[in-house]
Amino acid sequence: MQPTLLGTGLYPLPRAARLVGAEVRSVRRWLKGYSWKHGDGRKVAGPLWTLQHAQDEEFGDEPVLGFQDLLELRTVARFIALGVSLQVIRATIDVARETLGDYPLHSKRFVTDGKRIFLEAVQRAGEDPKLLDVRRQQFAMEEVIRPSLVEGIEYGADATALRWFPVPKKRLVVLDPQVQFGEPIVAEGGVPTDTLAAACKAEGDNVERVARLYRVTPQAVRAAVAFEQQIAA
């Protein structure tokens, strides 16, 4: 593993899709781009943004996301689930990047500036028929652009996202790009959640025994199992 990759997080596309609750096929389309037939030719749409590891040839053709990519993808998945079109999301990212920098969708400022950014994005996109239902799209955007958008994300002094607690109310599971290449771990003990879940299954769901084996609490084991079940659903 190249030293430059340390501390950035490594998420193969299928794993990233599961972590944010999106379909692998859709995520591949968002992050690799796509084309469609138009008249006598074809139109092409590029990736929504350039991935952190885009220049690392060792990963081949299948995208591998970094931690910042994963958090951006999390917001995109929320937009899509509420019916916001991919074209509106693309325009929103382009406008947001101008004022908020790279990876703007999980910026703290996006919570306060997001509605203005969205309206500007729609205006820039022009009269495309796909954007005519602005009221519905705006309602969906308002459902996403709330303080809960950044809930569970821990920021550093420079407003860079450091860690993500995917179940923020309990904070028992965390993704930290500095630990285990950003894979989900239990906050107490740092054991990967998939390791604990597999051990629990192998031990006939004996939570207490697994907790003793890995020197974590039974609560941490239960949290790991619940989390792995959630992303596998």
Side-chain angles (χ1 to χ4, degrees), residues 5 7-11 13 16-17 19-22 26-34 45-56 63-126 128 130-131 134 136-166 168 174-178 182:
L5 300 180
T8 59
L10 292 173
Y11 308 93
L13 188 145
L19 287 170
V20 302
S26 297
V27 172
R28 186 174 288 113
R29 188 169 178 259
W30 304 341
L31 299 182
K32 292 191 71 173
Y34 54 94
L48 289 179
W49 69 88
T50 301
L51 297 178
Q52 287 176 264
H53 303 311
Q55 302 304 316
D56 290 288
V64 173
L65 285 70
F67 182 67
Q68 303 298 329
D69 296 320
L70 184 70
L71 295 183
E72 290 292 280
L73 183 63
R74 167 180 175 261
T75 303
V76 170
R78 289 189 180 193
F79 286 158
I80 293 291
L82 286 168
V84 180
S85 73
L86 196 59
Q87 187 172 359
V88 170
I89 294 171
R90 184 184 300 277
T92 300
I93 292 173
D94 290 343
V95 175
R97 190 182 292 119
E98 294 177 6
T99 55
L100 304 182
D102 293 334
Y103 312 107
L105 298 186
H106 66 275
S107 162
K108 285 184 177 180
R109 283 183 55 196
F110 189 69
V111 175
T112 55
D113 295 351
K115 294 177 183 178
R116 174 190 59 77
I117 289 169
F118 164 72
L119 290 175
E120 184 176 341
V122 170
Q123 290 173 355
R124 286 194 190 185
D128 192 299
K130 293 181 181 179
L131 299 180
V134 174
R136 181 181 64 83
Q137 300 255 25
Q138 186 172 4
F139 173 77
M141 293 290 282
E142 288 175 351
E143 287 294 304
V144 176
I145 304 171
R146 294 181 174 184
S148 61
L149 178 67
V150 295
E151 186 179 15
I153 300 177
E154 188 174 302
Y155 292 90
D158 61 352
T160 299
L162 300 178
R163 285 172 286 277
W164 173 32
F165 294 87
V174 63
L175 284 76
D176 183 338
Q178 301 292 335

Chemist: By salt bridge (Lys or Arg N to Asp or Glu O under 4.0 Å), which residues pair with Arg146, not counting sequence neighbours?
Modeler: Glu143

Chemist: Within the 4.5 Å heavy-atom criterion, are Thr99 and Glu120 side-chain neighbours or not?
Modeler: no

Chemist: Just wondering, do Leu10 and His53 contact through their side chains at under 4.5 Å, heavy atoms?
Modeler: yes

Chemist: How far apart are the closest heavy atoms of Pro168 and Gly152, and which atoms are they?
Modeler: CB-CA, 3.7 Å

Chemist: Keeping Ser85 on the side-chain end and Val88 on the backbone end, is there a donor-acceptor pair under 3.5 Å?
Modeler: yes

Chemist: How long is the straight-line distance from CZ of Phe79 back to OG1 of Thr92, given to the nearest 0.5 Å?
Modeler: 6.5 Å

Chemist: Would you compute the distance between atom CZ of Phe110 and atom NZ of Lys115 and round it to the nearest 0.5 angstrom?
Modeler: 11.5 Å

Chemist: Kindly state each residue pair satisfying side-chain hydrogen bond (donor to acceptor under 3.5 Å, both in side chains) with at least one member in residues 73-82, sequence neighbours excluded.
Modeler: none

Chemist: Looking at Leu71 and Ala161, what are the two nearest heavy atoms and their distance?
Modeler: CD1-CB, 3.5 Å

Chemist: Working to the nearest 0.5 angstrom, can you tell me the gap between Leu48 CG and Lys32 NZ?
Modeler: 14.0 Å

Chemist: By salt bridge (Lys or Arg N to Asp or Glu O under 4.0 Å), which residues pair with Glu98, not counting sequence neighbours?
Modeler: Arg124

Chemist: Kindly write out the residues that satisfy side chain to side chain donor-acceptor pair (under 3.5 Å) with Gln52, not counting sequence neighbours, or none if the list is empty.
Modeler: none

Chemist: Looking at every non-hydrogen atom in both residues, tell me the closest pair between Ser107 and Tyr155 and how far apart they are.
Modeler: C-OH, 4.3 Å

Chemist: Between His106 and Gln68, is the side chain to side chain contact (heavy atoms under 4.5 Å, CB included) condition met? List the steps.
Modeler: CA-CA 8 Å; His106 66 275; Gln68 303 298 329; 2.7 Å; yes

Chemist: So do Trp49 and Leu51 actually touch side chain to side chain, heavy atoms under 4.5 Å?
Modeler: yes

Chemist: Please lay out, stage by stage, how Leu65 and Glu72 fare under the test side chain to side chain contact (heavy atoms under 4.5 Å, CB included).
Modeler: CA-CA 10 Å; Leu65 285 70; Glu72 290 292 280; over 6 Å; no

Chemist: How would you list all residue pairs meeting salt bridge (Lys or Arg N to Asp or Glu O under 4.0 Å) that involve residues 85-97, not counting sequence neighbours?
Modeler: Asp94-Arg97

Chemist: Roughly how far, to the nearest 0.5 Å, is the CG atom of Leu86 from the CD1 atom of Ile80?
Modeler: 5.0 Å

Chemist: Which of these, Asp69, Val20, Leu73, Leu70, sits in a side-chain contact (heavy atoms from CB on, under 4.5 Å) with Tyr11?
Modeler: Leu70

Chemist: Could you state the interatomic distance from CZ (Phe67) to CG (Leu175), rounded to the nearest 0.5 Å?
Modeler: 6.5 Å

Chemist: Between Glu154 and Asp176, is there a side-chain heavy-atom distance shorter than 4.5 Å?
Modeler: no

Chemist: Going by ring pair (Phe, Tyr, Trp, His ring centres under 6.0 Å), name the residues that satisfy it together with Tyr34, two or more places apart in sequence or in a different chain.
Modeler: Trp36

Chemist: Check Pro177 against Thr8 and note the closest heavy-atom contact, atom names and distance.
Modeler: CB-C, 3.8 Å

Chemist: Quick one: CG on Leu100 to CG on Leu105, what's the gap to the nearest 0.5 Å?
Modeler: 9.0 Å

